[in-house]
Amino acid sequence: MPIANGDSLDNFGMKAEIQDYSKALDVLKEYPTRDGLDVDTLIDSDKHGALTYNDFLILPGYIGFPASDVSLDTPVTKRITLKAPLLSSPMDTVTEHNMAIHMALLGGLGVIHHNCSPQDQAEMVKKVKRYENGFILDPVVLSPKATVGEAKNLKAKWGFGGFPVTENGTLRSKLVGIVTSRDIQFHHNLDDPVTAVMATDLVTAPAGTTLAEANDVLRSSKKGKLPIVDGDSNLVSLLSRSDLMKNLHYPLASKLPQSKQLICAATIGTREEDKERLRLLVEAGLDIVILDSSQGNSIFQLEMVKFVKKTYPEIDVIGGNVVTREQAAALIAAGVDGLRIGMGSGSACITQEVMAVGRPQAAAVRSVSSFAARFGVPCIADGGIQNVGHIVKGLAMGASTVMMGGLLAGTTESPGEYFVSSEGQLVKAYRGMGSIAAMEDKKAGAGSKDSKASNAGTARYFSEKDRVLVAQGVAGSVLDRGSITKFIPYLVAGIQHSLQEIGVKSIEAFHDEINKGLVRFEMRSASAQTEGNVHGLHNYEKKLYS
Ligand code: IMP
């Protein structure tokens, strides 16, 4: 007689027998199915409504390998594979070049937002493509007219000293000296020009010097900074000793085979003028373009997909956002290389409340990913990721990668400055791209009605003929999270540990075993969710990694 779930073995008089392991395995064979639910039963909305990440858990499997053996290699498009399944959102409080560079160095991908002029966005793409590990390609440069007071202010602002001085105060101009912290520390006449205190006995290295060679020069010269100059003594980049002390080794860095450059992705809209924006981005070296729309199944996006594929066959195009198979089918037919899934699950999003459209994220990811997999189109689970568990659940539902906004907005690498909140905590701004603030941002040239089309927020959430801006997002702030150089490795290690508990050695094996019904799930009642969180403690500190 098969044992029903929850029955005690004692009831069947088997206690003695079950202690013999082989007998336990034999008894197990009597069960028609494995413990828990297969993914299709889990996701069957007829039974229990559409699910979000918090509504279910994954059952543990067998651990036969160390967590560090788990491979997180995963495709982001049909052609491009990453070593970590992590993307940062194309939002103006999340991803500009600094975030994109560090996400790529750490194995993921940062998608540069387009709430800025096409020229500014192309400049950011260039910075990612030109980035060489260890070389600072956009150092803070002073003009000979700058004062000691200004140098002190810059040191206070950026937290580092050692500013190169060039003839006209910019990069690619003749290097004339370097102002170090020591030069200005005890110099009290703040109006003196920096030329009065700067060092002029410079040790430099020529453009084309490799990182290893430059390191040697820095070490033997005992200087804090090494300017790299071209044949005419123009400054082209800078190497810093303090960076050398940090770990400059990024084994997971996202690069195309045979390329030393980091992979770069950016968004555009689907209007006619976005074709010119795309031209500039491609010229700057772009690898992947994401068509940014909250509802991707539109004539405008389908035509843009076809345009990109025809005009720039070397560029991969990701369409979205979608949450249904039908939306996905249209984009797959148009030729997308990847899909972005999510509508209304973002942490700064009010789409579901205002528009009454959207879909709970786990249900959306499963539905679209299982369909897209039949065409070899990888999917991004976009929005609603609050912790490592949510990442693993997004992958479990069939996504190849996840995209995060709010989780990364409070890091050092996101745009903007930290400030102290009214409760005295260190925070950074985070806003939905459909918030009124983002849609009206003057920086994006959208201050007047005429220029609304050039703003990413309005392009994503606003129709040209609309007279009223209807918000689909909010503007707020998130807590300081430190640098992603610590946070992303924590997420990577967390995912590896989770897959180890489940008993799968790679994301590919995870997908495979889920589809075969070997990895199992369980629904989580409201009380199960309470049980699964910290409870009953008088107080506690939640430190996630060290
Ligand atoms: P989060 O990681 O939960 O913060 O979600 C980030 C995602 O929210 C982004 O990648 C976008 O897909 C989505 N998003 C960004 N801005 C808005 C908005 O204003 N309304 C709705 N969704 C948004």
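Every number for a ligand or one of its atoms is a count from 1 in the order of the listing.
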Should you measure from each heavy atom of [X], which atoms of ligand 1 turn up under 4.0 Å away?
| X | result |
| --- | --- |
| Arg340 | 10 (O), 11 (C), 12 (O) |
| Gly383 | 3 (O), 5 (O) |
| Met91 | 9 (C), 15 (C), 16 (N) |
| Met404 | 2 (O) |
| Cys349 | 20 (N), 21 (C), 22 (N) |
| Ser435 | 19 (O) |
| Met403 | 10 (O) |
| Gln472 | 18 (C), 19 (O), 20 (N), 21 (C) |

Exercise for the section: Have a look at Thr351, Ile290, Asp382, Asp92 and point out the one with the heavy atom closest to atom 7 (C) of ligand 1. Expected result: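 Nearest option to atom 7 (C) of ligand 1, by heavy atoms: Asp382.
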Exercise for the section: Look at atom 1 (P) of ligand 1 and find which of Ser88, Ser293, Ser347 reaches it with the closest heavy atom. Expected result: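 Nearest option to atom 1 (P) of ligand 1, by heavy atoms: Ser347.
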Exercise for the section: Sequence neighbours left out, what passes side chain to side chain contact (heavy atoms under 4.5 Å, CB included) with Ser477? Give chain and number order. Expected result: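 Side chain to side chain contact (heavy atoms under 4.5 Å, CB included) check on Ser477 returns Phe419, Val427.
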Before accepting this row, confirm whether a basic side-chain N of the pair [X]/[Y] lies closer than 4.0 Å to the acidic partner's carboxylate O.
| X | Y | answer |
| --- | --- | --- |
| Asp274 | Arg271 | no |
| Arg279 | Glu283 | yes |
| Arg79 | Asp316 | yes |

Just distances here: any N/O of [X] and N/O of ligand 1 closer than 3.5 Å?
| X | value |
| --- | --- |
| Gly384 | yes |
| Ala348 | no |
| Met433 | yes |
| Gly434 | yes |
| Gly406 | yes |
| Tyr430 | yes |

Show me the donor-acceptor pairs, under 3.5 Å and distance only, between side chains in residues 331-339 and residues at least two apart or in other chains.
from: Asp337; atom 1: OD1; to: Lys309; atom 2: NZ; distance (Å): 3.4
from: Asp337; atom 1: OD2; to: Lys309; atom 2: NZ; distance (Å): 2.8
from: Asp337; atom 1: OD2; to: Val317; atom 2: N; distance (Å): 2.9

Practice task
Please determine if Lys393 forms a cation-pi arrangement with Tyr53, meaning its NZ or CZ atom is less than 6.0 Å from the six-membered ring centre and no more than 45° off the ring axis.
Solution key: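 So Lys393 doesn't make the cation-pi contact.
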Exercise for the section: Check each of Asp292, Ile318, Asn115 against Thr267 using the side-chain contact (heavy atoms from CB on, under 4.5 Å) test, and report the only one that passes. Expected result: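 Only match with Thr267 under side-chain contact (heavy atoms from CB on, under 4.5 Å): Asp292.
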Practice task
Take the angle between the ring planes of Phe521 and Phe56 and call it parallel below 30°, perpendicular above 60°, tilted in between.
Solution key: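 Rings of Phe521 and Phe56: perpendicular, as their planes differ by over 60°.
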